[in-house]
K.L.:
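I have a structure I would like to understand better, so I am pasting it below and will then ask my questions one at a time.
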Amino acid sequence: MGEFKHLVIVKFKEDVLVEDMMKGMEKLVSENELVKSFEWGQDVEGPEMLRQGFTHAFLMTYEKKEDYTAFLSHPSHVEYSATFSGAIDKIVVLDFPVNHVKPPAKPPA
């Protein structure tokens, strides 16, 4: 098995300062070597009926599933998860091994 992804889609509670949540998330992943890459974004295009209230997506990539499993029990993740969980109104989480159909493009030299 190769790469493993952790996809989180959320709707934050109305009173949450999203910028603060993102700073915490960025700090968490930048200080942990188990996370190979981290991407996030806020929906700006999706029609409301398709979005179903969700506003933000987060995608973490790991070298292998075992790295993801180790990250889940890491003290900094456990601590931040409590803060993150308290800030969300709705959540969807998908964890999956990667099946590459078209590999990511290599950045220009």
Side-chain angles (χ1 to χ4, degrees):
M1 188 186 304
E3 277 187 342
F4 196 80
K5 301 276 186 176
H6 174 62
L7 173 65
V8 178
I9 303 169
V10 302
K11 174 186 177 195
F12 286 106
K13 292 179 179 175
E14 293 294 323
D15 60 342
V16 169
L17 294 173
V18 176
E19 298 79 23
D20 290 346
M21 296 305 302
M22 296 321 309
K23 286 178 188 174
M25 182 76 77
E26 290 171 2
K27 181 178 186 301
L28 170 68
V29 299
S30 67
E31 294 176 353
N32 194 302
E33 295 298 319
L34 294 168
V35 180
K36 181 178 169 184
S37 69
F38 173 67
E39 302 166 70
W40 73 272
Q42 180 176 356
D43 181 74
V44 295
E45 298 288 329
E48 178 55 36
M49 77 177 226
L50 297 178
R51 186 182 325 141
Q52 299 181 31
F54 293 99
T55 58
H56 292 77
F58 311 94
L59 181 63
M60 293 183 194
T61 302
Y62 301 85
E63 289 286 339
K64 56 190 182 283
K65 183 179 179 186
E66 292 79 9
D67 289 348
Y68 167 69
T69 302
F71 179 73
L72 288 179
S73 60
H74 192 279
S76 60
H77 177 262
V78 172
E79 180 181 341
Y80 187 74
S81 289
T83 300
F84 189 79
S85 295
I88 56 175
D89 185 32
K90 293 171 44 172
I91 188 168
V92 172
V93 177
L94 298 173
D95 300 311
F96 54 95
V98 174
N99 295 296
H100 284 287
V101 175
K102 182 178 179 180
K106 294 186 180 181

K.L.:
To the nearest 0.5 Å, what is the distance between OG (S37) and NZ (K5)?
P.N.:
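Interatomic distance, S37 OG to K5 NZ, rounded to 0.5 Å: 5.0 Å.
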K.L.:
Are V18 and I9 connected in a single hydrophobic cluster, I mean Ile/Leu/Val/Met/Phe/Trp/Tyr linked by side-chain heavy atoms less than 4.5 Å apart?
P.N.:
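No, no single cluster joins them.
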K.L.:
Given side-chain contact (heavy atoms from CB on, under 4.5 Å), test D43 with T55 step by step and report yes or no.
P.N.:
CA-CA 5 Å; D43 181 74; T55 58; 5.6 Å; no
K.L.:
Going through the checks in order, is the side-chain contact (heavy atoms from CB on, under 4.5 Å) test met by H56 and M21?
P.N.:
CA-CA 11 Å; H56 292 77; M21 296 305 302; over 6 Å; no
K.L.:
Would the distance check show the side chain of K90 and the main-chain N or O of Q52 forming a donor-acceptor pair, the cut-off being under 3.5 Å?
P.N.:
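Present.
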K.L.:
For E26, I'd like to know if atom CD has over 12 heavy atoms of other residues, nucleotides or ligands within 6.0 Å.
P.N.:
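Yes.
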K.L.:
Membership question, hydrophobic clusters at under 4.5 Å side-chain separation (ILVMFWY): are V93 and V35 in the same one?
P.N.:
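Looking at the clustering, V93 is in the same group as V35.
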K.L.:
To the nearest 0.5 Å, what is the distance between CZ on F12 and CE on M22?
P.N.:
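Between atom CZ of F12 and atom CE of M22 there are 6.5 Å.
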K.L.:
I'd like to know whether V8 forms a side-chain contact (heavy atoms from CB on, under 4.5 Å) with M60, so could you lay out the CA-CA distance, the side-chain angles of the two residues, the decisive distance to 0.1 Å, and finally the verdict.
P.N.:
CA-CA 9 Å; V8 178; M60 293 183 194; over 6 Å; no
K.L.:
Linking I/L/V/M/F/W/Y whenever any side-chain heavy atoms sit under 4.5 Å apart, do L59 and F54 land together?
P.N.:
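Yes: a chain of side-chain contacts under 4.5 Å links L59 to F54.
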K.L.:
Say you draw a straight line from CD of E33 to CD of E63; how long is it, rounded to the nearest 0.5 Å?
P.N.:
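With rounding to 0.5 Å, CD (E33) is 11.0 Å from CD (E63).
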K.L.:
Please report the interatomic distance OG1(T61) to CG(L34), rounded to the nearest 0.5 Å.
P.N.:
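T61 OG1 to L34 CG: 13.0 Å, rounded to 0.5 Å.
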K.L.:
Quick one: CD on E3 to CG on N99, what's the gap to the nearest 0.5 Å?
P.N.:
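Taking CD in E3 and CG in N99, the distance rounds to 11.0 Å.
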K.L.:
Calculate, to the nearest 0.5 Å, the distance between atoms CG and OG1 belonging to L28 and T83 respectively.
P.N.:
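Answer rounded to 0.5 Å: 10.5 Å.
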K.L.:
Hey, which of Y68, F4, F96, F38 is the one that makes ring pair (Phe, Tyr, Trp, His ring centres under 6.0 Å) with Y62?
P.N.:
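Running ring pair (Phe, Tyr, Trp, His ring centres under 6.0 Å) over Y68, F4, F96, F38 with Y62 returns exactly one hit, Y68.
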K.L.:
Please determine whether residues V16 and I91 belong to a single hydrophobic cluster, defined as Ile, Leu, Val, Met, Phe, Trp and Tyr linked transitively by side-chain heavy-atom distances below 4.5 Å.
P.N.:
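Yes: a chain of side-chain contacts under 4.5 Å links V16 to I91.
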K.L.:
Going by the angle between their ring planes, with limits at 30° and 60°, are F71 and H77 parallel, tilted or perpendicular?
P.N.:
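Aromatic pair F71/H77 classed tilted.
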K.L.:
Grab the two heavy atoms, one from K27 and one from S30, that are nearest each other, plus how far apart they are.
P.N.:
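Taking K27 first and S30 second, the nearest heavy atoms are O-OG, 3.1 Å.
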K.L.:
Is a side-chain donor or acceptor of K13 paired with a backbone partner of G86 at a separation under 3.5 angstrom?
P.N.:
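Here the side-chain-to-backbone pair exists.
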K.L.:
Give the intermediate values and the outcome of side-chain contact (heavy atoms from CB on, under 4.5 Å) for residues W40 and M25.
P.N.:
CA-CA 10 Å; W40 73 272; M25 182 76 77; over 6 Å; no
K.L.:
Hey, what's the ring geometry for F84 with Y80, parallel, tilted or perpendicular (30° and 60° as the breaks)?
P.N.:
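The arrangement is tilted - the two ring planes meet at 30° to 60°.
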K.L.:
Decide whether L7 and I88 are clustered together by the hydrophobic rule: side chain heavy atoms of Ile, Leu, Val, Met, Phe, Trp, Tyr closer than 4.5 Å, transitively.
P.N.:
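No, no single cluster joins them.
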